[in-house]
Amino acid sequence: MKKLLFILIFPLSLFAQTQSKETTHWRPAYHFTPPKNWTNDPNGLIYYEGEYHLFYQHNPYENKWGHMSWGHAVSKDLVKWEHLPIAIPEDSVWIFSGSVVVDKNNSSGFQQGNEPCMVALYTADYHDGKKEAQYLAYSNDRGRTWMKYAGNPVIDLQMIDFRDPHVIWHEKTQKWVMSVVFPKEFKVVFFTSQNLKEWTRAGEFGNQGEVRKIWECPALIEIPIDGNAQNTKWLLFVSTSGVMDNFTGMQYFVGEFDGTTFKNDNSPETKLYVDFGKDFYAAIPYTDAPDNQKILLGWMSNWQYAGDIPTFPWKGQMNVPRSLSLKQTSEGLRLFQQPISMLKPKKDYQVFEKSDFVLSKDKEINGSSIFAKNSYMVEVEFEVKSAKKFGVKIAQLKDKKDDKKFVQETIVGYDVRKQQLYLDRTKSGMIIHKDFPSVEIADMKMQGKTVKMKILVDKNSVEVFGNDGRITISDLIFPEENANIFSLFTNGGKVKVKLLKISDLSL
Ligand code: FRU
């Protein structure tokens, strides 16, 4: 009997052991991760009284999706986070994605004391596959503790798929406006309210752009064109997820919003993507950020393989928060993104600056103390000569038997003939899912003869900002801990390296 028990229990205990090994070498230095357990979408992004709040889809008990609740963290700079207790726990319903507003004029009547209250609008998922409805909770202590509203639900259309409310204050009409999706109808529906509790259905927008994958996590913002606050447009963000065409994608529409309806400036067929990688999803903007900044934060993963992410004791992370701007380009108004300026190198420690050399073959760059930590930023500017392809290779690992060969590497390259920026993670390390090895490609014109790349590496992720943030590509990678060689490369000719700057972000 003892023997039988041993045989039965031994493999289980082995499994438990592998599960309990912390994957510290994949814990990002400057990307948000929960201390432990699962996260997906960022929720309720709001700045209030010196604190950036990050609520997030969270399973408090396990390293997989389930028991959905809102986790909570605050930060002064969006880089270092203070982890707080669960903000909104599951009860008979799961707490799906949503947003938070500060109710400055106490329109809801929930304020107690002198300080305005925070109001969260989120989706309650009945996790019986039968219903999703919009619920409300409020906090009178800067988001630390929340009361679920006794009058919930605030919107119930008796629908199975109806989720992800994003609420803004619409100055012109002096109303709260909620954008919320009918995912399988590829539709954003707008509701308006005076008090955040009673909502009236207004206009809707949909069936444009990407309509093969379900729509989730909508968000509306008003944004200046070329920095001119007197001349603005509205952006409507929608995340789209589904099996075809690289699975995930976040789109944006540029247009007008009058308080009830969104009007797309482009043709219904136009598809504008926020990011061309596989790991950028469910991003929403910060409400009330200082100086009217537009800051976007996404979940750095993909429903195709989110459950297979091999990290422990956490699973899931956020992208780097991005500053957004809208600029007039020869193709029309386009979104530009940059990593937030608060992301400062540990020391202003730059290894190479103003290099200005001509590269005719691959070149390993010696900066081992920075590269060894695998949390850094590379800024590189190329002037195209005869090269057909060029770029950088990161997190490279040499073959033990042949040190001219690399068994692991992630490539960020530019294809001159096709005028495309690409990120190749086919040899980036652990393959966590059959579709994980992939090459992400985005059209990106040269600026004259110049191609610029800003690349953020952080242990298990790479985010590329091409040509001043016109194009971004975000991917997870799972390299071995000692895969930390960094090279410049060129194929089929020469390229001039006008600038190469590496900054230590190990923090
Ligand atoms: C998007 C999403 C949302 C939903 C949440 C559930 O990633 O599917 O639509 O509210 O995740 O965790």
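Order of appearance sets the numbers: ligands from 1, and atoms from 1 within every ligand.
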> Who passes side-chain contact (heavy atoms from CB on, under 4.5 Å) against D258, sequence neighbours left out?
Replying inline: T260, T261
>> For D468, give me all partners under side-chain contact (heavy atoms from CB on, under 4.5 Å), at least two apart in sequence or on another chain.
In response: Q338, Q447, K452
>> Would V177 and F257 count as a side chain to side chain contact (heavy atoms under 4.5 Å, CB included) here? Give the steps.
In response: CA-CA 11 Å; V177 173; F257 182 70; 3.6 Å; yes
Extract all N/O-N/O pairs under 3.5 Å that connect ligand 1 to the protein, and present each with both atom names and the distance rounded to 0.1 Å.
from	atom 1	to	atom 2	distance (Å)
ligand 1	7 (O)	D41	OD1	2.7
ligand 1	7 (O)	D41	OD2	3.3
ligand 1	7 (O)	W303	NE1	2.8
ligand 1	8 (O)	E216	OE1	3.4
ligand 1	8 (O)	E216	OE2	2.8
ligand 1	9 (O)	R163	NE	2.8
ligand 1	9 (O)	D164	OD1	3.3
ligand 1	9 (O)	D164	OD2	2.6
ligand 1	9 (O)	E216	OE2	3.0
ligand 1	10 (O)	S97	N	3.2
ligand 1	10 (O)	D164	OD1	2.6
ligand 1	11 (O)	N40	ND2	3.2
ligand 1	11 (O)	D41	OD2	3.2
ligand 1	12 (O)	N40	ND2	3.0
ligand 1	12 (O)	Q57	OE1	2.7
ligand 1	12 (O)	W65	NE1	3.0

>> The criterion is ring pair (Phe, Tyr, Trp, His ring centres under 6.0 Å); which residues satisfy it with F191, sequence neighbours excluded?
In response: none
> At what distance, to the nearest 0.5 angstrom, does NZ of K187 lie from CG of D161?
Replying inline: 13.5 Å
> Would W146 and Y122 count as a close aromatic pair, with their ring centres under 6.0 Å?
Replying inline: no
